[in-house]
Amino acid sequence: MPEGPELHLASLYVNSMCEGVVFSGPVRKSEVSKNPDVPFTSEAYRITATSRGKEVKLTLTPIKKDEPKRRMKTGQAEQPIDIVFRFGMSGYFRFTREDELPKHAHLCFYSKEKPSRVLSFVDTRRFGSWEPNGTWQPNRGPCVLFEYKKFRENVVSNVSDRAFDRPICEVLLNQKYFNGIGNYLRAEILFRSNIPPFVSARAVLEGLDSDDSCENENPLKKETDTKKQMKHEMSDLLRLCHAVPLEVVNLGGKGYDPTKKEYSDFEAWLQCYCVDGMKSLQDHNGRTIWFRGDPGPMSPKAKKWAKKVNDHDYTDKKKVKMRSSSRHLHNSVYLSSVSFHQVAKRKREAKVKKTVIKQEGVTKTPKNEKDARLKEAESKRRKPAKTHEVNTPQRETRSSARRRKTSSVEATAGVAMSKNKNVLSTGEE
DNA sequence: CGTCCACGTCTAC
DNA sequence: TAGACCTGGACGG
């Protein structure tokens, strides 16, 4: 669940669920968590939340009574405290009855009522963390959602930073500059801007104005600037870093609470990430980047895999093959956020009908366009084309009809995508 | 059953 | 620039 929009939706969730609720007693941590204890206890306190980028801050505010002395004695808090959370890969908040505490609830706040209700921080994989009396992590930049102006200035005034030497898709995950952007957002943002993922970040960003003209509400200016301006604004990468996550927030808070919603909205919203017909590659940090068309000049090619088992091309290829072919079908395991889960499921189902074929290439020879076209045509023709890997013909059972996205590991130039989102190809070999 | 994969940081060689 | 840190769903055998 956790990129900027989900963190913000989490804060909205806490504020709406906990409005008017009085909490009481100590904050309890699960046995298994390695995060710090939260040394706070109060007879009566309230909880509110705010978010910034990929962090959420809970504020516990004791409700005033008029006997400070007594409270002092019993170690009761008088002053509010903040707890700053990072969600890792699977964190989220839930507010439930005490008897229905979710599995993997690692930090719990109990309400004062008889059968208590509990606000809990749930985190299956435990990559999440919290800091009592914490502040926003100092090395993280301004929030792409709610500090847009500062965010923009921070990037524009620092493009000379070595951090921008890298490909844009990798820089977008740098929280010092893009606090709130994560793996699905970077794919969606680049997709909409039509910028290949592996082009130099500096090349893309330098020349952008620290002042986003969209922010100027000056009507005169609007009039004078025409379509050109609009176009520029729409394609301005930094603006998209704000606008795209905002769209997710606007899909609704319901999209967040795993119990309530259908996640079809979120699924339908994705245009690139895990979408059939899109390509994917591992970036230099081993993260999967989804994109369409040309990967760009700084793409990692197939080195990553090739180098490992260099001599043994059989095993190596086999391995590569497995990844590429099976990966797409599975990216679904997002426990904390059903949305992703559902997304994958839907795609798989849709897949059955469609028949997409793709070709993988991780091997040498980037082929030329003609080949690409031939391949594509070929794959279109034979439906469930098995992808032939050089040595390992990988078979795909029709019955299991798994879904498959295209992947292209090679930096093959953009293979023209057919409009049918289903088809694609990119193969090498 | 085993392998692969996942919305993210972290720290250590 | 690798691992480490974790759990669990989907698949393949």
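Given the structure is predicted, the values throughout are model-derived calculations rather than measurements. Computed from heavy atoms alone, side chains included, the values below leave out hydrogens, waters and symmetry copies. Sequence lines set the chain letters: A, B, ... in the order given, protein chains first and strands last, and positions in each chain run from 1.
In this structure, A:Met89 places its CE atom 10 Å from P of B:dT9, rounding to the nearest Å. Separating the CG atom of A:Asn179 from the P atom of B:dC7 is a distance of 18 Å, rounded to the nearest angstrom. Between A:Glu3 atom CD and B:dG8 atom C1' the separation is 10 Å, expressed in whole Å. Nucleotide B:dA6 holds its P atom 6 Å from the OH atom of A:Tyr273, rounded to whole Å. Whole-Å rounding puts the A:Leu7 CG to B:dG8 C1' distance at 11 Å. Look at CG on A:Asn174: it is 13 Å from C1' on B:dG8, rounded to the nearest Å. Note: CH2 (A:Trp130) to C1' (B:dG8) measures 16 Å, nearest angstrom. Between the CG atom of A:Leu172 and the P atom of B:dG8 there is a distance of 12 Å, given to the nearest Å.
Ring centers of A:Phe151 and A:Phe178: under 6.0 Å apart, within the cut-off.
In this structure, A:Lys103 does not reach the C:dT7 phosphate: none of its side-chain N or O atoms is under 4.0 Å from OP1 or OP2. Using a 4.0 Å cut-off, no side-chain N or O of A:His104 falls inside it from OP1 or OP2 of C:dC6. OP1 or OP2 of B:dT9 has at least one side-chain nitrogen or oxygen of A:Gln175 nearer than 4.0 Å. In this model, the phosphate group of B:dC7 is not approached by any side-chain N or O of A:Lys54 to a distance below 4.0 Å at OP1 or OP2.
Closest contact between the side chain of A:Arg287 and the listed nucleotides C:dG8, C:dC6, B:dG8 involves B:dG8. Side chain of A:Thr124, nearest nucleotide from B:dG8, C:dG8, C:dC5: C:dG8. Closest to the side chain of A:Lys34, out of C:dC6, C:dT7, B:dT9, is C:dC6. Checked against B:dC7, B:dA6, B:dT9, the side chain of A:Thr288 finds its nearest nucleotide in B:dA6.
In DNA chain B, stems built from 3 or more consecutive Watson-Crick or G-U wobble pairs, each with both distances under 3.5 Å, span B:1-6 with C:7-12, B:8-12 with C:1-5.
A:Phe191 meets the ring-ring contact (aromatic ring centres under 6.0 Å, His included) test with no other residue; sequence neighbours excluded. Listed by chain and residue number, A:Thr96, A:Arg97 satisfy the side-chain contact (heavy atoms from CB on, under 4.5 Å) test with A:Glu100 (two or more places apart in sequence, or in another chain). Scanning for side-chain contact (heavy atoms from CB on, under 4.5 Å) contacts around A:Asn15 gives A:Thr48, A:Ala49, with sequence neighbours left out. For A:Pro197, the side-chain contact (heavy atoms from CB on, under 4.5 Å) criterion is met by A:Cys169, A:Leu190, A:Ile289, A:Phe291, not counting sequence neighbours. For A:Ser16, the side-chain contact (heavy atoms from CB on, under 4.5 Å) test picks out no residue, with sequence neighbours left out.
A distance of about 14 Å separates the P atoms of B:dA12 and C:dC6, rounded to the whole Å. Taking atom P in both C:dG8 and B:dT9, the straight-line distance is 22 Å, to the nearest Å. Taking the P atoms as reference points, B:dC13 lies 11 Å from C:dA4, given to the whole Å. Remark: the separation of the P atoms in C:dG13 and B:dC5 is 15 Å, to the nearest Å.
Note that the CZ atom of A:Arg186 and the SG atom of A:Cys241 stand 12.5 Å from one another [nearest 0.5 Å].
The pair A:Arg52-A:Glu147 meets the salt-bridge criterion, with a side-chain N (NZ, NE, NH1 or NH2) lying under 4.0 Å from an Asp/Glu carboxylate O.
Among residues at least two apart or in separate chains, side-chain hydrogen bond (donor to acceptor under 3.5 Å, both in side chains) pairs with a member in residues 23-37 of chain A are A:Ser30-A:His106. Screening residues 160-180 of chain A for side-chain hydrogen bond (donor to acceptor under 3.5 Å, both in side chains) gives A:Arg140-A:Gln175, A:Arg140-A:Asn179, A:Asp161-A:Tyr177, A:Arg162-A:Asp165, A:Asp165-A:Arg202, A:Arg166-A:Glu170 as the qualifying pairs, with residues at least two apart or on separate chains.
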Is there any protein nitrogen or oxygen under 3.5 Å from a nitrogen or oxygen in nucleotides 10-13 of chain B, and what are the pairs?
from	atom 1	to	atom 2	distance (Å)
B:dC10	OP1	A:Arg86	NH1	2.7
B:dC10	OP2	A:Gln137	OE1	3.3

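For the residue pair A:Glu153/A:Tyr148, the side-chain donor-acceptor check at 3.5 Å is not satisfied.
A donor and an acceptor atom sit less than 3.5 Å apart, one in the side chain of A:Arg125 and one in the base of C:dC6.
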